[in-house]
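For clarity, every value in this text was computed on a predicted model and none was experimentally measured. All values below were derived from every heavy atom in this structure, side-chain atoms included, with hydrogens, water molecules and symmetry-related copies excluded.
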Amino acid sequence: MGCGVTKQNQKQIKKAMRAALLIQRWYRQYVARLEMRRRCTWNIFQSMEYAGEQNQIKLYKFFSYLMDHFTPASSERNLIAHIFRENEVCRDAEWERYFNYKNIEVPEFYSGPHLNFPLTATNATELVEAFRTKQQLHSRYVLQLLVETWKLLRILPNINHVSTCHSKEITICGDLHGHLEDLLLVFYKNGLPSMETPYVFNGDFVDRGKNSMEILLILFAFLLVYPNDVHLNRGNHEDHIVNLRYGFTKEVLGKYRVHGKKILKLLQKIYSWLPLASVIDQKVLILHGGISDTTDLDIIYVSTLRPPKQRKSSAKNKQSDQDSWDEDNMTRRRVRSMTYSSPGVSRPEVQRHSLQTLSSQVEEELRERRRRAGFSLSHGDLHNSLSSDSDSDPGENLETDAEDWKQVVDMLWSDPMPIDGCVPNEVRGGGCYWGPDITREVLEKHNLQLLIRSHECKQEGYEFCHNRKVLTIFSASNYYEVGSNRGAYIRLGPDLVPHLIQYQASRSTRDLTLRQRYGVGRTERSALRALREQLFAHKSDLISAFQEFDPEQTGLISLNHWATAMESVLQLGLPWRMLRSQLVNHTQDGKLNYQSWFKELAIMEPNTQLAHTNLLETLYKHHSNLETIFRIIDTDNSGLISFEEFRQTWRLLSSHLQIDISDEAISDLAQSIDFNKDGSIDINEFMEAFRLVDRTQDHSCKQDGRHELSLHFCYDY
């Protein structure tokens, strides 16, 4: 009798080991496939997000040219006057009268939080609790809080200087984008702002999420209570034109219908005074976007994102210029050198106005658009007329202004890249991509050891790059979709070693399955749905591109040609061959019938009752641009525009896009959506009338009394 392993046992062990290896191999392959699909989903979301920002910046350029060079003909005079009229608040001496909150009564039945000024920590804490329980702050207190914030920001430097000590750590938060649940979770885990728990919030507090206003009010309240321990950096979304496109303007007007207009104007003023960066212990730089090969922190002027107009100065108007906003909302502020951080040391004041453009060098590109829009004065005449109001030397200070302006753009919009160099950020349309060599040069030049930035959503909430010298932090979890990403924040102690804390704000995401954690369930469906909407918006262009690979007009193309055409039209930089299995269901001998393919994507033929099919496709393709122009024209924030303003808006958009849209088509469209026949158009109803919905949701349109108009357009009557 022995205790050795029998042959039978050996066989069983081998079988068990073989089975374990097969399971392990299958599991690894499964995880690899999920990871691949997750990356594709992530690429779809990010590519479409950046494409939207690129379109927004192109619209900035067009507005910039109008603002700087256009003198409208009589038919467009009212439209341009709506868009670029002088600011209603011209001088700081008048701001208190315009934003007067003392005459606003708080009714007895108001059950929300009450604020007493100067604010106390108790007030700020009660405000957090009120917003947690879905209460709303009265507009009287909102305006007073914003006015006090503006007064404080005016005396702050352009770059905050923060110090650590052995008894406390500094907490750094990235983009919040209106996600109040994320901010509340950070406060729950980390503690409320105080002298013992200082914070740096790194921009993009607003837009996209539904509680941007609450986040701003909380941050401003704690800033007033702890001005030395709460620091706010400006992000690229702290701008009123960006807010028009990405939701914050609509949120404010929805929550504060009576005083929303004043609140927005005051926020516009506040944005222009937010600091651009913070520096911890002279070693860690925190800014929203990034740097470039021209970044010089010693001479960061708080400048416009468009070089200021030149104008003559005189003893008579010198003082008034210092205290006024001109028509471009220009302001002045102190600028402190990063090296000389003493409170008594400051650099000369320079002019700055709101972020409204990213280039003024578009004259050649827009000269033809100017003609198509019907503007009468030639560019040469414009230049001569402007010259009469400028200094004797037209080129004086322009080069310096442009350099300063570019640095601000780079700080708000740039992204890191893995290879050396510095190139324009054509994906976003603004700022640059900078490489590890640029990081090394800037850090060495200013004796820094780490750059912390935000601006990019990361699946884990953070990401190191450039040999761990650049750290991206993003604090809005579930940014694209529930389960799409975690949020994170940083704790930084005296050793300046970042400690990262991750979280997921929604309870429904805390117990996700493996499949869900890799983002291939609900998140993938959401991404593909958004992508299919883009396919419809570019349907005509895609068919033209497909036909180039189909000279015999068979209606069939190869899948390789399909992928090539998709990228050439959409230019999203997506792995189309990998996405093929998600977008293409049927092929014929390796060929794709591209006419049938559109139908397989739940794309329906347009309703022939509305003949101007191209107009509908243009409308959806440039949906966001059109809404932005509408809301700029709607200066009284009534939500209504006249027929004439509607027609002029379309003329402006067609000029910007260099497309031909007949007056007849525009008039027909205007009349078809004037539901109550009062001669005006409700902006929200117009946008809702032409939103895309899934085929699986078609029944909701019918149940709501709406009729399908075109390719999942729900037409509201």
[Y] versus [X], side-chain donor and acceptor atoms under 3.5 Å:
| X | Y | answer |
| --- | --- | --- |
| His288 | Glu238 | no |
| Ser475 | Asp182 | no |
| Asn485 | Asn478 | no |

Donor-acceptor pair, distance only, cut-off 3.5 Å: does the side chain of [X] make one with the backbone of [Y]?
| X | Y | value |
| --- | --- | --- |
| Glu214 | Leu180 | no |
| Gln502 | Arg486 | no |
| Asn160 | His231 | no |
| Thr197 | Ser194 | no |
| Asn467 | Pro436 | no |
| Asn243 | Phe248 | no |
| Ser454 | Ile473 | yes |
| Asp296 | Asp298 | yes |
| Ser414 | Gly290 | no |
| Asn233 | Leu276 | no |

Check step by step if side chain to side chain contact (heavy atoms under 4.5 Å, CB included) holds for His455 and Asn236.
CA-CA 8 Å; His455 195 44; Asn236 63 306; 3.4 Å; yes
Kindly assign one of parallel, tilted or perpendicular to the pair Phe187 and Phe222, based on the angle between their ring planes and the thresholds 30° and 60°.
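Rings of Phe187 and Phe222: perpendicular, as their planes differ by over 60°.
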Quick one: sort the Tyr199 and Phe201 rings into parallel, tilted or perpendicular, breaks at 30° and 60°.
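If you compare the ring of Tyr199 with that of Phe201, the planes turn out parallel.
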Is the shortest distance from a Lys or Arg side-chain nitrogen in Glu126 or Arg132 to a carboxylate oxygen in the other one below 4.0 Å?
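Result for this pair is no, no salt bridge flagged.
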Using a 4.5 Å cut-off on heavy atoms from C-beta on, say whether the side chain of [Y] contacts that of [X].
| X | Y | answer |
| --- | --- | --- |
| Leu297 | Val279 | no |
| Asn190 | Ile501 | no |
| Leu146 | Lys269 | no |
| His237 | Phe205 | no |
| Pro275 | Leu153 | yes |
| Asp437 | Arg440 | yes |
| Leu176 | Val206 | no |
| Leu119 | Leu145 | yes |

Holding to ring-ring contact (aromatic ring centres under 6.0 Å, His included), I want the full list of residues that pass it with [X], two or more places apart in sequence or in another chain.
| X | answer |
| --- | --- |
| Tyr479 | His177, Phe474 |
| Phe131 | none |
| Tyr226 | none |

Looking at [X] and [Y], what are the two nearest heavy atoms and their distance?
| X | Y | value |
| --- | --- | --- |
| His499 | Glu169 | CD2-OE2, 4.3 Å |
| Arg491 | Tyr489 | NH2-OH, 3.9 Å |
| Cys422 | Cys432 | SG-SG, 3.6 Å |
| Cys173 | Val186 | SG-CG1, 4.0 Å |

Does the pair Leu492 and Thr164 meet the rule for a side chain to side chain contact (heavy atoms under 4.5 Å, CB included), with working shown?
CA-CA 8 Å; Leu492 203 65; Thr164 62; 5.8 Å; no
Between Ile291 and Asp410, is the side chain to side chain contact (heavy atoms under 4.5 Å, CB included) condition met? List the steps.
CA-CA 6 Å; Ile291 56 177; Asp410 292 338; over 6 Å; no
Answer yes if the ring centres of His240 and Tyr271 are under 6.0 angstrom apart, and no otherwise.
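So the answer is no for these two rings.
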Give the C-alpha distance, both sets of side-chain angles, the deciding distance and a yes or no for side chain to side chain contact (heavy atoms under 4.5 Å, CB included) between Asp175 and Glu456.
CA-CA 8 Å; Asp175 298 36; Glu456 287 184 287; over 6 Å; no
